[in-house]
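Single-structure report; data block below.
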Amino acid sequence: MAAVFVVVLMSAVLGLRAQEEMEICGLCPGNVRNSSQVTYLCSETSGAELVGRCCVKPSGGDIIGLDLWNCSISLLDPGLRLTAAILVLDISQNPLQDLRQEFFQGLTGLRYLALPGNISCPGGNQAWASVESELDSRICQDQQSACNRTGDIAVLCPENSLCAPDGPGYTQCVCADGFSGYKCLREGSFPLLVFFGILASVTVTLSVLLWCTQRKKVKSL
Amino acid sequence: MSKVKMSKDICYSLLHASRKAFSNVKVSISNQWTPSSLNASSSIVDPNSTWNGNHLFPDADSATIFLGLLDTIFLFSYAVGLFISGIIGDRLNMRYVLTFGMCSSAVTMFVFGTLTEWLHFYNKLFYCFMWVINGLLQSTGWPCVVAVMGNWFGKSGRGLVFGLWSACASVGNILGAFLASSVLKYGYEYAFLVTACVQFAGGVIIFFGLVTSPKELGLPDTGEEEGAFGDQEEEANRPLISEDNEVDSDASYSVQAPDTDSTPKAIGFVQACCLPGVLLYSLAYACLKLVNYSFFFWLPFYLSTTFHWKEAEADQLSIWYDIGGIIGGTIQGFISDLMQKRSPVLAISLVCAIGSLFGYSRSPNNKPLNAFIMTITGFFIGGPSNMISSAISADLGRQEMVRGSSEALATVTGIVDGTGSMGAALGQVLVSVIQEGLSWMWVFYFFILMTFLTLLFIIPLIIRELRPVWGNRRMSRLAG
């Protein structure tokens, strides 16, 4: 019962999120240019389709490509929520002045990013395998994990956790295999059934045994 | 009868197990209550929900202070609870009181450690509140268990039996440590869950298995005539008791009207305080338990700060103090049984305790030697401490003045142990203050002073106990 409820609730939340994401696709008038990387991505990926300015994977409705080329965006709306599923993002040809680093946190899948020429790649050049500066755009390609970067301050993760990339220039510490919970302190899952089974049977046996050997003889005073 | 003893053993070890569990999960709890403190200056570890989600305490130090505060709160409420539960234990059926105490304190443990974690409800005041309740409920254990033991074992065998039995507390400590450490990896909430459930089960078993007094089986009251229930299945305890019984049979107080039919009336609190010896032993125990508990709680810390030994090593080493206490309690209890006198044994042991404390404070940085002196200190401090809290309490509650006419056993035990726990609680505070303000050496001087005070409180009792011996050596049981 509870499980059904949770499933219903989750699908409702997901549906809501998907709808919210889809609004991004209509943010800008017109369709994706034919020369855009997003078009290319969509034709490469099976099952993906172009919706407005987006390339969407139907399963779950995740946006995997977004082309906001020439959209007169002067500020990246923090409300513009993208997921780790996004692979290609094009925001070149926009009057952006600066870029908020935090916008890219969590976009671990991003492998192609086109920016206006005046803006440098998020996370610095070392966060990307190749950075190309063209006439009025800058293209950052293939994220490099900040975890095994040399020279820089090595990212140290606490016990039971491993470093994992978390978008360009970002790292996170993810619980190692088998660990979970706050600070990854918990290992495995407690065998509740076994424990209560043993405890209950021992309790009942001892109680019956003691009752028969001890208290049966008790005279009520 | 061995089964009766067993069920009481289970009960008390389980209570101790749950207490020890708390001290073992402290590190995990303080981890849970604080955000990550990986060099606050450098990077913040992401994701936030996993590493910095809990801000109950800013860092591990303040969490440790709070946990220490919880310990002190527990001791105080435990001390207050002892006075109350002793009175209740004498008035109601002790089986119900024990069952209620164990089960309800198991529930508070569950709420404290498991439920709050499952609901992600972290609140300092709530923790304090639950721990106070837990202290009050746990205090039902000791007076009732001592009273039940006192009902079953006569005065002559008490010293040895109680001495051996005090090992249960240590068995409980080991059990608690084992239970907690084996499930700690699943999360500290499971350590609480397991100890709480086992304690609850123990309460249920007590309910079905405990016979609080031989009278319940229609057997004569013990006090003196242990031989009366020789028909019961008995194993190891039997010969010891009957042996002592012969020595005891000519004791003057053994003549007593059979009171199987009368329902005894419980003694009042003030009345119990006025019983000869109760007040003095209470004060003596307050001083002695202060030293004993402080040793118990602070020893690992002292070792790891003074000698820079690893905490786990210090923990393991400090078990020797416990072992010394058990051996001391048993041997001294046995000697006092033979002598039929307890206070002289106490006094000699306490004089030695002052010496061994002095010696321990000068112990070199050498583990075997330190463990050896520690064991000796445990022998001379833990031994008398165990004896006062159990055998002597039982003697006091069943002395001639109250024999037959009233139930005083649990009340007296409650008073003695309650005063003692007050001392212990105060000691926790004082030791930390002295240690911070002065040095560890002063802590030892403080311990020596307290042991000396204990000795002072015992002296009038020795005079009282030995006067008849001097007066009439023919009656002395030593002659037997």
Side-chain angles (χ1 to χ4, degrees), chain A residues 102 105-106 146 152-167 169-175 178-192 194-221, chain B residues 1 3-4 6-7 10 27-28 31-39 42-43 45-54 93 95 117 120 183-191 193-194 197-198 200-213 215-219 232-233 260-261 263:
Chain A
E102 302 91 84
Q105 185 170 14
D152 214 341
I153 319 149
V155 183
L156 283 173
C157 273
E159 230 178 315
N160 306 338
S161 66
L162 300 168
C163 180
D166 191 27
Y170 284 99
T171 58
Q172 59 181 340
C173 292
V174 193
C175 295
F179 292 92
S180 63
Y182 187 59
K183 292 188 182 174
C184 304
L185 288 171
R186 289 161 178 80
E187 187 184 2
S189 59
F190 183 72
L192 267 182
V194 176
F195 170 69
F196 279 112
I198 292 173
L199 186 68
S201 49
V202 168
T203 309
V204 169
T205 321
L206 269 179
S207 295
V208 170
L209 197 82
L210 283 169
W211 179 267
C212 294
T213 56
Q214 304 280 317
R215 288 210 59 88
K216 226 167 81 180
K217 299 173 200 150
V218 170
K219 299 189 298 184
S220 51
L221 292 169
Chain B
M1 196 171 71
K3 284 208 194 80
V4 174
M6 193 187 78
S7 57
I10 293 173
V27 176
S28 301
N31 265 330
Q32 181 73 41
W33 283 349
T34 50
S36 289
S37 53
L38 261 188
N39 274 346
S42 68
S43 60
V45 192
D46 276 315
N48 246 329
S49 58
T50 308
W51 300 106
N52 304 300
N54 201 328
N93 187 334
R95 187 162 66 107
E117 176 55 37
H120 293 285
V183 297
L184 203 54
K185 62 171 187 168
Y186 301 117
Y188 80 93
E189 67 268 27
Y190 289 105
L193 181 77
V194 167
C197 287
V198 171
F200 194 91
V204 172
I205 293 169
I206 289 290
F207 180 79
F208 286 112
L210 183 69
V211 183
T212 51
S213 142
K215 277 187 277 182
E216 274 199 316
L217 298 177
L219 297 164
Q232 291 283 301
E233 335 102 280
T260 42
D261 50 348
T263 320

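Naming: A, B, ... by sequence-line order, numbering from 1 per chain.
Looking at A:F196, the atoms closer than 4.5 Å to chain B (heavy atoms on both sides) all sit in the side chain, from C-beta outward. Only the side chain of B:V183 comes within less than 4.5 Å of a heavy atom in chain A; its backbone stays farther off.
In terms of heavy-atom proximity, A:E187 sits nearest to B:Y186 at O-CD2, 3.2 Å.
Interface check for chain B: of the options A:L192, A:L199, A:V208, the most heavy-atom pairs under 4.5 Å are formed by A:L199.
Between the CZ atom of B:F208 and the SG atom of A:C212 there is a distance of 11.0 Å, given to the nearest 0.5 Å. Taking NE2 of B:H120 as the start and OH of A:Y182 as the end, the distance is 11.0 Å to the nearest 0.5 Å.
Using the six-membered ring where Trp is involved, B:Y190 and A:F190 have ring planes that are parallel, under 30° apart on the 30 and 60° scheme.
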